[in-house]
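In what follows, a single structure is set out as structure tokens and then discussed.
Below, chain A is the first sequence line, B the second, and so on; all start at residue 1.
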Amino acid sequence: MKLLLLGMNHRTAPVAFRERFAVGDPSEALSQLMACEFIDEVALVSTCNRVEILMVLQGDSFEETVSWLHKEFFMRLAGEEPLPAGTTLESACYEYRGREMVRHLFRVSASLDSLVVGEPQILGQVKDAFRLAQEAGATGQVLNRLFERAFLTAKRTRRETSIAEGAVSVARVAVTLGQQIFESFEDKTALLIGAGEMIEAAAKALCAEGLSSMQIANRTLSRAEHLAAEFNASAHRLNEVPELLRHSDVVLLCIGGDGVVLDKQTVKTALSERRGKPLFVIDIGVPRNVADDVNDLAGVYMYDLDDLSEAADHNVEQRQQATTLAEEIVLDEEHEFQGWMSALQVVPTIRELRDSAEAIREQEQKKAFNRIELSEEQRSAVEALTRSIINKILHAPLAHLRGSSSENDVTASVNAARQVFGLQSYTLGEDSQEENADGNDQKKTDENESRLEK
Amino acid sequence: MIESLYQLAAVAYLASALAGGYGIGLSHLKARRIGVAVLGAGWLMHGLGLVFMHQMPDRPPLSDWSPSMSLTVWLMVLFYLLLRLRMQISGMVVFVAPPAFIGMVFTCLWLTNSSGVHPDSGLWSHAHIMLATSGLAFLTVAAAAGALFVFANRVLKDRRPAARKIGLPSLEALDRVNLVSLSLGFPILTLGLITGVLFSLAEHEKAAGHLPHAVGTAVAWAVYVVLCALRFGVGQKNRQSSLGAAKSAIAGIMVLLIAVVGMRFFA
């Protein structure tokens, strides 16, 4: 039972490369992966920043599986078109095995591996990936447990550290500031001056907060109309701004070239008709689009790009500081999971060892009872005695097996136990088990005796 | 028993103020919520004390300083807690709990010093005290919201990075609290004054216009008339800004407190 992760993300592959491997239909992809003879359990995490396949393999078939994934799975996803120049699948993909894979999944779920550390979306995406894999019947005991611990790790990092606190984008900082002025955005109107990317990002953030209406003013009306259509807003020309300002609660400006678009007098005139309602002005234009003295007006709260960037940078720094603690949580959880995996690997050996010892005990006891005439009470006493001897003999090896923590430890201990107690023949194939099941007691007893002699 | 309950309530109000202060200073939402919960616990103990006092055969009259102060504080905290159920104003606890604590300290100090009129001195007496204390409670909440508004406005205007870290309620919520409190507090205070005049007429057969308490309260009421005129002013252009309203609410409560509490010392 071996763990393997193969994938690519924003650090190892450019978007032009990653988009070639975006998984359109996860169910179909999972079916294809499940058909691979080397894979026992599988889950597929596909987001805009990463494509990762998490697998539990049958045996030690790492190389074969990686080769199959490169040749069969990824190449089918990429299609027939050649990959972007200068990129190869091998260089874009990373591979994690065993506990490295566990740690990687825990870090991804806790948003420690994200483009923006602490962003909340990734956890939902990992949960979706797990749900899809479960629905497809692609997960089993190991992946179920692994994802369960990954979600717990993410929960712990959010609860015990400040990794997800504070807005880290200019648009989100602006919204957070607005929440200190307005109770909610639901009955508010925003005036967006400009139609660039920054305005679009801010519009998205404001819409997410439930902003009731939006007006977009731009030098080129067609661009304003294009953006307005996307956000169900109204489009206007720049000369309408003084009139629009009267009905706006939030004003966001990012328009290049013209310099100052809003001066103190324009805002003062609008304020006098606003019945004392506050006006939140966010100027993210460079050069600035609002005269600096506008902030002197009562009821106006004005912030420029420097203010917002300062807050965003501060929050990024805070999150970075929190990552140290979050990494410790990841290690802690990884250790927990590793303990569970170790236990899972030693269980069959422990069971076989017990069964083997019990078989010997029963056999020898039977032989002894045939030779000596004993009362029922004496038989019980002998039975208890033999059980006790067996338990005491097995106590130390079983405790050692259970106490193995690292993967190497477990393998070494299991192999040693199997050799010492001669368990190999029981797991070689079904034939030997069937023989035992058929009641070939004498043969078994002889084998056991010879094993014990060894 | 009553004294112990009042003392416990005072301690709870103080703890609430400290938790609220911590929550605001470090932008710690849980601390602010704990502050509100502790305030609620103090309010329950306080209420229990009021019930026990009401059941005493030799209870002090409501017109005494201690019970009237106690009732004012209790109503103020109740009003805040009710508003808190509707609005995100946990941070306001930092401006509600300290006056509640101070009020309870005075309540405990004056508890054994009965000097008011007899408890059964008539309907007007009770109506006057009940209405005046309720009005005072509402207007204190208005002032607390105003004080927090002034502070939050300053932080936001200064564009300090701290503006993103301090867990203050929104300016809009604080302004709404101010407006609601003034809308309820001023009419009730007015009714309290009218019943005070009627009580004085019934008791002394003349209005007690010469008493410092009556003069002070009348001045405070006049100040509130001006505040209300500005706040709900005729015509859009005359309407006072939220910041002006916040400052006025603070000024109003100062005058009212001097009139109601301060005059005790002049008298």
Exercise. Apply side-chain hydrogen bond (donor to acceptor under 3.5 Å, both in side chains) to the pair A/Tyr301 and A/Asn295, showing each step before the final yes or no.
Key: CA-CA 6 Å; A/Tyr301 303 93; A/Asn295 195 44; over 6 Å; no
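By the 6.0 Å contact criterion, CG on A/Asn239 is enclosed, its count of non-hydrogen atoms from other residues, nucleotides or ligands being greater than 12. For B/Arg33, the CZ atom counts as loosely surrounded, since its 6.0 Å shell holds 12 or fewer non-hydrogen atoms of other residues, nucleotides or ligands.
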Would you mind writing out the side-chain donor-acceptor pairs for residues 8-24 of chain B within the sub-3.5 Å range, not counting sequence neighbours?
from	atom 1	to	atom 2	distance (Å)
B/Tyr13	OH	B/His46	ND1	3.0
B/Ser16	OG	B/Gly35	O	2.8

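Contact annotation for residues 169-177 of chain B against chain A (heavy-atom separation below 4.5 Å, listed by residue number): B/Pro169, B/Ser170, B/Leu171, B/Glu172, B/Ala173, B/Arg176. Contacts from residues 183-208 of chain A to chain B, taken as heavy-atom pairs separated by less than 4.5 Å, involve A/Glu183, A/Ser184, A/Lys188 in sequence order.
No salt bridge links A/Asp283 with A/Arg288; every basic N to acidic carboxylate O contact stays at or beyond 4.0 Å.
A donor-acceptor pair under 3.5 Å is absent between the side-chain atoms of A/Lys264 and the main chain of A/Asp296, judged by distance alone. Remark: side-chain polar atoms of A/Asp304 are not paired, donor with acceptor, to backbone N or O of A/Ile282 under 3.5 angstrom.
A heavy-atom distance below 4.5 Å is found between the side chains of A/Phe182 and A/Pro278.
The side chain to side chain contact (heavy atoms under 4.5 Å, CB included) check on A/Arg158 picks up A/Ser111, A/Pro120, A/Ala164, with sequence neighbours excluded.
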